[in-house]
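Residue numbers begin at 1 in each chain, while the letters A, B, ... track the order of the sequences.
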Amino acid sequence: MALVKVDNLSRTFVTRGAETRVFSDVSFELETGELLLITGRSGAGKSTLLGILSGLDRASGGRVFFQDVELTALPLNELADLRAGRIGMIFQNFNLIPTWTASENVEAVLMHQGISKADRQARAAALLTDLGLGERLHHLPSELSVGQQQRVAVARTLVNEPVLILADEPTGDVDSETAAEITSLLMPRIRSGKTAMIVASHGLFDASLATRVACLKDGRLVMA
Amino acid sequence: MLTGDVMTCALRELKQNPRRTLAVVSGYAITVAFLLVIAAVLLYSRVVQNITIGEAGTYFATWLPACGDIASLSEEDLAKLARGIVPEVCKSNCENCTGCNKKPIDLLNEGFIINTNTTRLLTVELAKKIGHLPTVRDASACLMFRFRDPEKSFVFAVAGLQPGSRAVSSTCCAADDLVAGDFAGGFTPGRMLVDAGFAMNHGLKPGMQFSIAGEQFTVAGTVNTMARTVKADVFMLFSEAERLINRRIHNPLAGEANIILIESRDAASHGQALKDVKVLMKGDSLLTSGCYYPAAKAAGLNTRLVHAFMLLVALATVLFSARIQWASVLERRRTIAILKAIGWKNQVVIQQLFVESLLQSLAGSLAGAVVGAALLLLLPVNALLGIDATMTGILDPVLFLLVLAFAVGSGCLTGLLPVIAVIRQRPVEALRRLPAS
């Protein structure tokens, strides 16, 4: 059973009456322990594809199955449940909440799930400490370096131990050293076989780490 | 269901954005204080004005005009009258009259009057019935008789009153009218009050004696009753006047009066009171009334204006709180999009924003209520409104509760409008288009 199965997925935008096709007939499968790198130029539709896979965006056609459940047919609340538990997202510009501390940003994923405050704090602190931010738990994002902010974003993604990580340009806005640091944090989870990851990048992610590489070009996903 | 996490997040959000929280709370505080002060002053001024206007001209007197030209009666009818028998020609006019057998001895110079008009008699019981009408606040029987001084031959009017009645105070003679002497003392046996003009004409002062129908009365005080509905030269107890009048008529009075002094419930019901009294009086009764209509109209206009202004202020409050909430929520569209992207459900976001709105509007409204109350206590409201400084009651707790409930309620409701707009926005769009702060 594939962890993710994408079947003839398409996305079209209608702007001022004009229809713009982003991509169509996108199909692939992903197993646990795999890292799929999707490359393509800016505007090719990589972020849109990740948005649909995370349930944040709706497909125009086709279907997505996640652990044999048709994700594209789920209501908003169940999609939110998936993102809060089994699917983690890493955004290009981190998307940390600026007025919340590092610990609070990580805890945010665990809130409203019946987990006690003490437990949430303990889990967030342990993970952040693992990622080298033990001294920065109560710092606001603005008080952290770019690399530290990205580590907080990674911690927020990993705190629920998701089975699928969707990363949109995770190394796009950081220097090569920070990029290496981030990949070194994520790769052990994938290699352990508990998690799969789809990375969307226009070339800054180290392709040698990927199990498979696909290119989104002219609205089609071509497996390398 | 509202969870502890929602409250925790809401409180943290408010605490971690002190400037925004302070701006929203102080916005509510200013609005509520303003609304409260405006509402309290307007309502207070309305109450005060309505009391003042409502009492100006809401009083009148009713009476039955005299039988007409007695000289036109035949010798036989006049003889009947003197014996207390009502002539046939008079009966149709006398449904409520009891006085045909109580004509004055000096028919040409003396008689029952109201101001310059001669009257018939009524029962005191009728005054009580009028007093029970729903449109009437108070009614009081009055005797007014024109006496002739046998020595100097001048005539003067004596009013017999029931002191303590509101109707007496508003239509005839009130303690405020006292010029000199003792007002209450004028309504004790053997004593009387005299009109200031009458006193001047006849050289009367408090403590002096004055003879009426052969009895000596002591002047207790002088009064100036100005433009009251019922004017007399001398004022005394009803029972004293009754006793004096009995000396000057053919048969003694028995529970009778010739004028009923009336005060309507208020200016608004004054017109109806006039009609009700007219119905009860039957026959050809007459009303002597103050100029009530402009007062009633002014009172009604004032009330409508106050309500209209209150509505405008309330509308402004709703719009202001909507503006505050709108700005507060739109500022956080990106944050909300992030939370939704990491798995927060719409209802959780709505609950948190609702709790934030509730806490902010509650805190702001309470602060506004305190500020409003302080302003109302510190402002010289009575002096600003130009009213009697002894009037109190501007701090109406019901008004405070209503304003608080209104402000908090509109804060919560208007807080939901932008939330709905934000919830409808797809997080993927918000994250793509809104700049990271």
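By the 4.0 Å N-to-carboxylate-O rule, B/Arg12 lies close enough to A/Glu104 to be salt-bridged with it. In summary, B/Glu13 and B/Arg332 engage in a salt bridge, as defined by a charged side-chain N under 4.0 Å from a carboxylate O.
Both the backbone and the side chain of A/Thr99 come within contact range of chain B, with heavy atoms under 4.5 Å apart. A/Leu140 does not touch chain B: none of its heavy atoms, backbone or side chain, sits under 4.5 Å away. The contact between B/Ile338 and chain A is made entirely by side chain atoms (from C-beta outward), counting heavy-atom distances below 4.5 Å.
Ring pair B/Trp344/A/His112 is perpendicular by interplanar angle, where above 60° counts as perpendicular and below 30° as parallel.
The choice from A/Arg120, A/Met89, A/Lys117 that makes the most heavy-atom pairs within less than 4.5 Å of chain B is A/Arg120.
A side-chain donor-acceptor contact under 3.5 Å links A/Asn95 and B/Arg334.
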